[in-house]
Protein chains: 2
Amino acid sequence: MAVSRAERKKPPTSLDVARLAGVSQSTVSYVLTGSRPISEATRARVEDAIDKLGYHPNSGARTLRSQRSGVIGLMVPEADSDDGVLMVFIGAIAREAQRHGYDILLVTAQEGARGIRRVVRTGVCEALILMELDRQDERVAPVIESGLPFVTIGKPEEFPQGSVVDLDFEMLGRMVVARAVEEGCDRLLLFGSPDRKRRRNDVSRFLAGVEDSAGECELEVVLDHEALSGVPERALRLTLPNQRTALFGITGVRQALFAMAATGALVDETRLLIALSGEDLVDVSPLLAAVPQIDPRRIEVSEIAVAELVRLLQIEGAGPRITLVEPRWVEG
Amino acid sequence: MAVSRAERKKPPTSLDVARLAGVSQSTVSYVLTGSRPISEATRARVEDAIDKLGYHPNSGARTLRSQRSGVIGLMVPEADSDDGVLMVFIGAIAREAQRHGYDILLVTAQEGARGIRRVVRTGVCEALILMELDRQDERVAPVIESGLPFVTIGKPEEFPQGSVVDLDFEMLGRMVVARAVEEGCDRLLLFGSPDRKRRRNDVSRFLAGVEDSAGECELEVVLDHEALSGVPERALRLTLPNQRTALFGITGVRQALFAMAATGALVDETRLLIALSGEDLVDVSPLLAAVPQIDPRRIEVSEIAVAELVRLLQIEGAGPRITLVEPRWVEG
DNA sequence: TTGTAGGCGTTATCAC
DNA sequence: GTGATAACGCCTACAA
C-alpha cells in the first residue's frame with residue numbers, strides 16, 4: 001500500500017541544514033551555488049549537515065527563484081523503422097546531460113508546436129534539443145519565438161538561430177566514392193528509403209558529396225531508392241561480368257546485410273558492400289566484420305550536441321555555431 | 001545570436017491574466033484547477049484573457065506550492081541490442097503520459113540508485129516507471145524508501161510495493177505450445193539470448209508456461225540459448241525426416257527470420273517459425289507475413305503502465321496491483 | 001460567487 | 001566572511 005501523499009515525511013530544507021550547521025540559510029545557499037566565497041571551516045560544517053540530513057535542494061523552489069529548471073527538452077520523432085538508431089542518440093544525450101547536471105524531458109513529435117509552447121512557457125525546460133526536423137517543420141517557430149537556446153541534431157536547409165551538430169554527410173559521400181574506387185569498383189549503387197530521401201536533407205548532402213567526387217573519376221553512380229528488400233537482386237542484375245559494384249546506403253544497412261548474405265557474398269569480385277555501421281548493429285556484428293565500415297559517430301554527435309547546449313546556457317553572449325563531425329573508417 | 005537570459009521577455013503570470021480579465025488572482029487559479037465553482041461569465045472572461053496572453057502556469061511555482069511536478073521519471077535501461085523494442089515502449093509511454101497531462105523525464109540506468117535518490121529528493125518527479133529491472137536491482141530500494149508511487153514494467157521475482165504491468169509470459173508459453181501441436185509439430189525449439197535468460201525472469205515464466213502445457217502433449221522441448229546466429233543450422237541439424245520442428249524465441253526474432261530465410265523456408269514440412277512480432281519489426285514485415293505471429297502488445301503494456309500510475313497518483317488510497325496483458329495471435 | 005493574504009523553499013540584494 | 005530579508009508565481013484556507 002503506497003504511503004499517501006499527506007503522510008509522506010517531508011524532506012529537509014536548507015533551513016534545517018542551516019540550523020544543524022549553526023549558520024544562516026543564505027550561507028547554505030552560497031555553499032551550494034558557490035556564488036560567493038565561503039571560509040573552509042563553515043563550508044565543511046555545512047557539507048556535513050547536508051550529508052547528515054541527506055539534503056537535496058528543492059527543484060521547484062530553485063526553478064521558481066532562479067528561472068533555471070536544470071531540464072533540457074528533447075524533441076523526439078515518432079518511432080519509425082529506425083528505432084534502434086534513435087535509442088542510441090537518446091541514451092547518449094541523456095547520459096551526457098546528466099554528466100553536466102541536466103535532466104532530459106521528452107517532448108514527443110505528436111505534441112507538435114503546441115507541445116513546444118507548453119514546455120517553454122511553463123518553464124519546465126530551459127533549453128531544447130531538436131532531432132529529425134523535416135524540411136519545413138512547424139515546431140521550429142515556437143522554439144525561436146521562445147528565445148531559449150537550442151541545438152538541432154541534423155543540419156536543416158537554412159541556418160537556424162540555434163546551434164547545429166551533425167555528421168558531415170558531404171564528406172561521407174566523398175569517402176564512399178574514394179573507397180569504391182580504391183577497391184577497383186566501376187559502379188556505385190546507392191540504396192535507401194525513398195521516404196527518407198524525400199523528407200530529410202542529409203541524403204541530399206550525401207549525394208552532393210558523392211557526385212562532387214565521382215565526377216573526377218570513372219565511377220558510375222546508380223541511385224536505387226526503391227524498396228530495400230530488392231537491393232541485392234537489383235545489385236546482381238546491374239552487375240556485369242567484368243565489373244565490380246560497390247553498394248552503400250545511409251539507411252537499411254541491416255536489411256542489405258541480411259539480404260546480400262542470403263543471395264551471395266557481401267564482398268566478392270563483382271560486389272563490395274560498404275556499411276555505415278553503428279551501435280545499433282551489434283546483433284549483426286559477425287556479418288559486419290567482413291565489410292569496410294564507416295562509423296557515423298552517433299555517440300559523439302549526441303555528446304557534442306549536449307556540450308554545445310551547455311555552452312549556450314552557461315557562457316553569457318555565446319553565439320550559435322555549426323559543428324560537422326567527420327565520419328571515420330572503422331579499423332579492422 | 002541567442003537572446004540572453006536577462007533580456008528574454010518574461011511570460012505572463014496569473015496576475016496579468018487576472019488584471020486583463022478584471023478579476024482577482026485567485027479566481028484565475030480556481031478557473032485553472034477547477035477546485036471551486038466559477039460562474040460561466042467570469043470563467044469565460046478569464047479563459048479569454050488566458051488565450052489572449054498565451055498564458056501557461058509557471059511550473060516551478062506550481063510544483064513548489066502543490067508538491068506536484070507533473071513529471072514522471074522513467075528509468076531506462078542501458079541501450080542494448082534490443083534498442084528498437086525499447087523505443088516502442090518509451091514512445092508509447094511518453095505519448096500516453098502527455099495525454100494524462102504528465103511529462104516524462106529520463107533517468108538513465110547509469111545513474112543507478114543515486115540518480116533515483118536525486119530526482120526523488122529534489123522533487124522533480126512525483127512518480128516513477130521502472131523498466132527492465134534485474135533480479136536484484138539496487139535501484140528498487142531508493143524508490144521504495146521515497147514512498148513515491150511507482151509502476152514496474154516487467155514482473156519482478158517478488159511482488160514489490162508498486163504496481164506491476166507486464167505481458168503474461170506463462171500464457172505466451174502455453175499459446176506457443178498449443179499452436180505447435182495444432183500445426184503438427186513434434187518438437188519445439190526455443191532460441192534466445194543466453195544473457196537475457198540469466199538476468200531476467202520473463203524467460204523463466206515463459207518456460208514455466210511451456211513446460212506446464214508441453215507435459216500434457218507429446219511435444220519435445222529443446223532449449224537453444226546459444227548464439228543466435230546459429231539458430232537455423234541447429235534447427236536443421238535437429239530436424240529429422242519424419243518430424244516437424246516449431247521454432248520460437250522471445251528475443252532475436254529478426255535475426256532468426258533473416259537467417260532462416262537465407263537457408264530455406266520459414267515454414268515447410270520440417271519446420272515452422274512462430275514469431276513474437278512487434279512494432280519494431282516493420283522493416284521485415286514482408287518476411288513476417290509468412291509465419292504465425294503473436295503480438296507482445298508493447299503499446300498496450302506501456303499505456304496500461306501509465307494509466308496505472310495515474311490511478312495511484314490521483315485516487316487517494318489506491319493500492320498497487322498486478323496487470324498481466326494477454327498475448328494475442330495476429331490475424332492473417 | 002468572489003476577493004484577501006500567507007507561505008511553499010530558494011536565490012540574491014542589501015547590510016554588517 | 002556572514003546574516004537578515006525580499007521576492008519568484010502559484011494555491012488555498014479564510015473572509016466577505
Side-chain angles (χ1 to χ4, degrees), chain A residues 5-6 8-47 49-50 53-71 101 120-124 126, chain B residues 5-6 8-47 49-50 53-71 101 120-124 126:
Chain A
R5 198 184 297 276
R8 205 146 56 218
K9 80 160 180 299
K10 291 179 1 179
T13 73
S14 64
L15 189 59
D16 297 326
V17 174
R19 276 199 280 257
L20 182 55
V23 298
S24 85
Q25 199 180 13
S26 54
T27 300
V28 175
S29 174
Y30 286 120
V31 168
L32 252 54
T33 62
S35 60
R36 126 168 152 185
I38 298 280
S39 77
E40 249 335 299
T42 60
R43 140 165 290 122
R45 291 221 313 290
V46 169
E47 283 172 347
I50 288 179
L53 296 175
Y55 167 79
H56 286 264
N58 179 284
S59 150
R62 172 173 275 191
T63 305
L64 176 58
R65 184 58 234 232
S66 65
Q67 310 292 357
R68 312 199 178 139
S69 63
V71 171
V120 160
R121 300 304 286 267
T122 58
V124 219
E126 54 173 311
Chain B
R5 197 184 299 276
R8 205 147 55 219
K9 83 160 180 295
K10 294 188 344 187
T13 73
S14 64
L15 189 60
D16 297 325
V17 174
R19 276 199 280 257
L20 181 56
V23 296
S24 85
Q25 197 182 16
S26 59
T27 301
V28 176
S29 176
Y30 285 120
V31 168
L32 251 53
T33 62
S35 61
R36 129 168 150 183
I38 299 280
S39 78
E40 249 335 300
T42 59
R43 141 164 290 122
R45 291 221 312 290
V46 169
E47 284 173 345
I50 288 179
L53 296 176
Y55 167 77
H56 285 265
N58 178 282
S59 150
R62 173 174 275 193
T63 305
L64 176 58
R65 186 53 235 244
S66 64
Q67 309 291 359
R68 315 201 172 138
S69 63
V71 171
V120 160
R121 299 303 289 264
T122 58
V124 215
E126 54 173 312

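Chain letters run A, B, ... following the sequence lines, proteins first, then strands; residues in each count from 1.
Side-chain proximity of A:Leu64 to the nucleotides D:dT2, D:dG9, C:dC8 is greatest for D:dG9. For B:Ser26, the listed nucleotide lying nearest its side chain is C:dA5; candidates were C:dT11, C:dA5, D:dG3. In the set C:dG3, D:dC10, C:dT10, the nucleotide with an atom closest to the side chain of B:Pro57 is D:dC10. Residue A:Gln25 has its side chain nearest to C:dT10 when only C:dT10, C:dT1, D:dC8 are considered. Taking the side chain of B:Ser29 as heavy atoms from C-beta on, and the options C:dG9, D:dC11, C:dT1, the nearest nucleotide is D:dC11.
A:Asp16 places its CG atom 11 Å from the C1' atom of C:dG9, with the value rounded to the nearest Å. Note: NE2 (B:His56) to C1' (D:dG9) measures 16 Å, nearest angstrom. Distance CZ (A:Arg19) to P (D:dA4): 12 Å, rounded to an integer number of Å. Here the C1' atom of nucleotide D:dC10 and the CG atom of A:Asn58 are 14 Å apart, to the nearest Å. Rounded to whole angstrom, the span from the CD atom of A:Gln67 across to the P atom of D:dA7 amounts to 15 Å.
Remark: the B:Arg36 side chain and the C:dT2 base include a donor-acceptor N/O pair separated by less than 3.5 Å. Counting distance only, with no hydrogens placed and no angle test, the side-chain atoms of A:Tyr30 and the base atoms of D:dA4 include no donor-acceptor pair under 3.5 Å. For D:dG1, its base never sits under 3.5 Å from the side chain of A:Arg45 at any donor and acceptor pair. No hydrogens or angles were tested; on distance alone, nothing pairs the side chain of B:Ser35 with the base of D:dT12 as donor and acceptor under 3.5 Å. Judged by distance alone, with hydrogens and angles left aside, A:Ser24 brings no side-chain donor or acceptor close enough to the base of D:dA4 to form a pair under 3.5 Å. Donor-acceptor pairing under 3.5 Å, judged by distance alone, is present between the side chain of B:Arg65 and the base of D:dC11.
For the pair A:Arg62 and C:dG9, the criterion of a side-chain N or O lying under 4.0 Å from OP1 or OP2 is not met. A:Ser14 has a side-chain polar atom (N or O) that falls below the 4.0 Å cut-off from OP1 or OP2 of C:dT10. Put simply, A:Thr63 has no side-chain N or O that comes within less than 4.0 Å of OP1 or OP2 on D:dC8.
Considering CZ of B:Arg36 and OG of B:Ser29, their distance stands at 9.0 Å, rounded to 0.5 Å. A distance of 7.5 Å separates NE2 of B:His56 from OG1 of A:Thr122, quoted to the nearest 0.5 Å.
Side-chain contact check for B:Val31 versus B:Val23: every heavy-atom pair is 4.5 Å or farther apart. Residues A:Asn58 and A:Arg62 have side chains not in contact (no heavy-atom distance under 4.5 Å, counting atoms from C-beta outward). Annotation: side chain of B:Lys10 is not in contact with side chain of B:Asp16 (no heavy-atom distance under 4.5 Å).
Sequence order on DNA chain C of the closest nucleotides to B:Arg43 and A:Thr33 puts B:Arg43 first from the 5' end.
At distances below 3.5 Å, at least one donor-acceptor pair connects side-chain atoms of B:Ser69 with backbone N or O atoms of B:Val124.
Residue-level contact check: A:Thr42 touches the backbone only, with heavy atoms under 4.0 Å from sugar-phosphate atoms and none from bases. Counting any heavy atom pair closer than 4.0 Å across all strands shown, B:Ile38 reaches sugar-phosphate atoms only and no base atom. Within the 4.0 angstrom heavy-atom criterion, no nucleotide atom of any strand lies near B:Val28.
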